[in-house]
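Keep in mind the model is a prediction, meaning the values are calculated, not measured. First the proteins, then the strands, lettered A, B, ... as listed; each starts at 1.
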There are 2 protein chains.
Amino acid sequence: MYTILQEQILKRVKLTKEEFALAKTYFIPKKVRKRQFILQEGEICKSLAFISKGCLRNYSVDDKGEEHIIRFGIEGWWISDLHSFTTGSPSMSSIDAIEDSELLLLEKSSYDKLCAAIPKIEHYFRILLENTNSAAMKRISDLISVPAEERYLNFLKTYPEITQRVPQSQIASFLGITPQSLSRIRKDLAEKK
Amino acid sequence: MYTILQEQILKRVKLTKEEFALAKTYFIPKKVRKRQFILQEGEICKSLAFISKGCLRNYSVDDKGEEHIIRFGIEGWWISDLHSFTTGSPSMSSIDAIEDSELLLLEKSSYDKLCAAIPKIEHYFRILLENTNSAAMKRISDLISVPAEERYLNFLKTYPEITQRVPQSQIASFLGITPQSLSRIRKDLAEKK
DNA sequence: AAAAATTGTTAACCTATGTTAACGGAAGTT
DNA sequence: AACTTCCGTTAACATAGGTTAACAATTTTT
């Protein structure tokens, strides 16, 4: 269960076996079933969740009750409502499982202690956050400058695994369009060829 | 010139005078005039820029030659193309000055050395990146779920200073709409009252 | 196996936003 | 002061994407 976590960390910093063994003790394993929440809007996000298996989504709900997917997460990714987690304020988004999943939870106090105990872990998170940030900026850039059809094609290229695992309506939601629009776009693309 | 930097760092971590004096030595001051580039698309982003005075923008240019503002930066903020900076790959965005500005540049090698030399600075950047990330996620959430009119109102509330300092056409660009659309939205808002 | 819920598609119609173009005022330049 | 560029507004028209609703296919639940 910790293998993927170890791999992901070793990609970015060189931890000894001993250091990793110590790091492991800060995490709490948790299994969740499909559709189960790990965070509901209004709750405080108490943990960063490392996904060792499965697929989850982070989404917000608008005035009309429509869900908008802020991000997906699969094996090897972290998922949380970072704003709620870091500030301790109520979350404005929810997180639930798209598939039965296995998580390693890192609570706020553990996160702080772990970063203080092993500086290389703080370094790991700094690098991780740099990467997450780059991806977020790319997504923002796309949302303000790239038409939906092209955003869809980019999505297929960037996240082929996710494409296979989640319903199209959720990909539409992630892209910021309705499922009907995505269906129309797919039809147009099929005709073009 | 370093006062604002010191304030911003002290907000997040407690540095001694000596540590800050050491940290200062890693930065290179630079003044830029309005319209001057600090990064052009295709170049490698060699520095993180701390803005001690002025206002800059980070933007991309689409196929049609339209500019899309990814983010603004004013006093106390950092600006860069983080993806290019961290990976050393050519940037897909540009950064230029909206006003005459004063910067403190932190080159990649200095950034790495500084974080290694003063762990509290690495901690500072980790926290900074957490905050930047939260803001980016909020913006993504808005772009996929909030109509343009409301995004504009949110912008006015969130960035009142920027509203005063940049042309409306650039705010439109940041919001992901055309200047004409923003003008129309403003007209509608004025009529509603 | 039957019933219910979820998913993807299509179509008719509607609305927000983009496009193009023109105008006037403000600001910057010579 | 004259000239030029930039800026915001408006209007007519075009279009991408949203809305509503119906239907079939699939999956899940009973």
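- A salt bridge is absent between B:Arg151 and B:Asp142; no separation between the charged side-chain nitrogens and carboxylate oxygens falls under 4.0 Å.
- The bend of the helix from C:dA1-D:dT30 to C:dT30-D:dA1, defined by the angle between the axes of its first five and last five pairs, stands at 60° to the nearest 10°.
- Atom CD of A:Gln36 is surrounded by more than 12 heavy atoms from other residues, nucleotides or ligands within 6.0 Å.
- Among the atoms of the strands shown, none is found under 4.0 Å from any heavy atom of B:Lys34.
- Heavy-atom distances under 4.0 Å link DNA chain C to A:Gln180, A:Ser183, A:Arg186 of residues 176-186 of chain A, given in residue order.
- Remark: B:Glu99 pairs with B:Arg165 by the salt bridge (Lys or Arg N to Asp or Glu O under 4.0 Å) rule, at least two apart or across chains.
- By the 4.5 Å side-chain criterion applied to Ile, Leu, Val, Met, Phe, Trp and Tyr, A:Leu39 is assigned to a cluster that also includes A:Ile28, A:Val32, A:Ile38, A:Ile51, A:Leu56, A:Ile79, A:Ile95, A:Leu103, A:Leu105.
- Nucleotides of DNA chain D that come within less than 4.0 Å of any heavy atom of chain A span, from the 5' end to the 3' end, D:dG17 to D:dT28.
- In terms of the side-chain hydrogen bond (donor to acceptor under 3.5 Å, both in side chains) criterion, A:Ser173 has no residue partners (sequence neighbours excluded).
- Contacts between residues 150-162 of chain A and DNA chain D, defined by a heavy-atom separation under 4.0 Å, are absent.
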Hey, can you pull the donor-acceptor pairs under 3.5 Å for the side chains in residues 63-70 of chain A, sequence neighbours left out?
unit_1	atom_1	unit_2	atom_2	d
A:Glu67	OE1	A:Arg57	NH1	2.9
A:Glu67	OE1	A:Arg57	NH2	3.4
A:His68	ND1	B:Ile144	O	3.2
A:His68	NE2	A:Asp62	OD2	2.8

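- Residues meeting the salt bridge (Lys or Arg N to Asp or Glu O under 4.0 Å) test with A:Arg184, sequence neighbours left out: none.
- Bounding nucleotides for the chain B contact on DNA chain C, 5' to 3', at a heavy-atom distance below 4.0 Å, are C:dT17 to C:dA21.
- In this structure A:Phe50 satisfies the ring pair (Phe, Tyr, Trp, His ring centres under 6.0 Å) test together with A:Trp78, sequence neighbours excluded.
- Hydrophobic side-chain contacts under 4.5 Å tie A:Met92 to no other Ile, Leu, Val, Met, Phe, Trp or Tyr residue.
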